[in-house]
Amino acid sequence: MHSLQVTGPGEVDWVEVPEPELADARGALVRPLTVATCDFDHLIVAGRAPVPYPVQIGHEVVGEVVAVGDDVAGVSPGDRVVVPFQISCGGCAQCGRGRTSCCEAVPWLSCYGLGLAAGDWGGAIADLLAVPYADAMLVPLPAGLAPAVAAAAGCNITDAYRCVAPQLAEMPGAPVLVAADGFQNIGLISVVLAAALGAERIDVVGLGAPAAGKAAELGARVLDSLDDVEPGAYPITVDASLNEEMLVAALRGTAPGGVCTISAMYPQPPDSFPLLELFAACATVQTGQPHVRGEIDDVLRLLEAGAVRTDLLVDETLPWESAAAAYAAGGGRKVAISRQEG
Ligand SMILES: [Zn+2]
Ligand SMILES: [Zn+2]
């Protein structure tokens with residue numbers, strides 16, 4: 001079958017790979033229909049991701065179930081589903097706590113579309129995707145949601161959700177700071193969700209076009225420089241920057257008792273990591289992948305409820321045949337590749 005592969009920086013090509021098969025009676029095969037690009041895809045194509053080439057690309061997926069194993073009860077061929085990007089079994093202790101990115105049944109970081117470092121699960125810009133734990137992993141596509149938006153809920157939107165939603169539920173109306181440089185989509189989506197969930201003030205630094213314009217449209221203040229980040233002013237801070245200076249600004253911006261979520265991954269802490277200031281502020285710093293399967297039901301419910309500006313989440317939907325050019329183009333835009341729309 002055809003699969004889109006990144007072989008080196010800026011090199012994206014269709015290749016022929018073996019068709020996946022049903023793993024066992026709990027598995028399903030899904031034909032990807034709409035796949036959204038992710039911030040991490042852009043890093044892979046740019047040669048900035050800590051994963052070796054080649055990478056079968058694509059991991060924010062809405063597809064159609066085409067085959068299921070004998071033990072699968074929750075989905076049937078023909079069903080449209082959202083596929084979370086992480087493999088999770090639904091039955092281990094971590095999955096039971098909703099911490100599905102730490103699933104104990106599969107190797108650490110088992111994901112679609114992130115290359116062999118994440119296991120040999122394949123990429124979603126392909127004719128078929130094997131889903132090993134179909135009943136646990138697959139989520140019915142909500143009728144009222146655009147496939148491009150639902151696909152993005154399989155990674156970026158849920159990532160942004162965990163950065164702001166539980167915090168705003170605990171601290172209603174609290175001011176939010178979003179630092180976004182390398183992860184433009186997660187940065188913008190954090191702003192979109194924070195606005196929908198009632199943050200009384202949203203400051204954002206590091207967003208480029210077109211995301212900065214969208215953030216401003218929602219009433220966010222687009223700061224000109226890190227000097228404008230007020231230390232200790234934000235109970236909720238988000239680092240989606242991959243930029244050490246911005247990370248430090250977000251940490252310093254966290255208010256006493258606040259929560260800073262580091263969505264970007266760093267090989268090591270910056271020299272100026274303000275550990276003493278964070279201690280003094282009794283701040284919580286959390287990092288790691290989002291637990292997509294554990295949170296996606298809440299995310300889809302929120303998106304369906306109508307308060308979120310879902311029209312701001314995806315910049316453009318392109319035909320499937322243009323996937324190679326779309327991924328090679330890189331940049332901060334969020335694009336969906338669809339077999340159905342053009
Ligand atoms: Zn992603
Ligand atoms: Zn598990």
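For the single chain, residues carry numbers from 1 onward in sequence order. Indexing begins at 1, ligand by ligand and atom by atom, following the structure's order. Predicted model only: the values in this text are computed from it and were never measured.
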Less than 6.0 angstrom separating the ring centers of Y112 and H59, yes or no?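 Distance test on ring centres: not under 6.0 Å, no.
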
Determine how many protein N/O/S atoms sit closer than 2.8 Å to the Zn ion (ligand 2), leaving waters out since they are not shown.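 For the Zn ion (ligand 2), protein nitrogen, oxygen or sulfur atoms under 2.8 Å: 4.
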
Does D127 pair with R339 as a salt bridge, N-O distance under 4.0 Å?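 Looking at D127 and R339, the cut-off is met.
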
Inspect the contact between E60 and K334 and indicate whether a charged nitrogen and a carboxylate oxygen are less than 4.0 angstrom apart.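 Yes, charged N to carboxylate O under 4.0 Å.
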
Is it the case that T34 and S338 place a side-chain donor and acceptor less than 3.5 Å from each other?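 On atom types as modelled, these side chains qualify, holding a pair under 3.5 Å.
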
Which atom pairs, one a donor and one an acceptor, fall under 3.5 Å between side chains of residues 138-155 and the rest of the protein, sequence neighbours left out?
none

Near E170 CD, under 6.0 Å, is it more than 12 heavy atoms from other residues, nucleotides or ligands?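 Counting neighbours around CD of E170, 12 or fewer heavy atoms of other residues, nucleotides or ligands fall under 6.0 Å, so no.
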
If you have a sec, read the angle at the Zn ion (ligand 1) from C38 atom SG over to H59 atom NE2, to 10 degrees.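 Angle SG(C38)-the Zn ion (ligand 1)-NE2(H59): 110°, rounded to 10°.
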
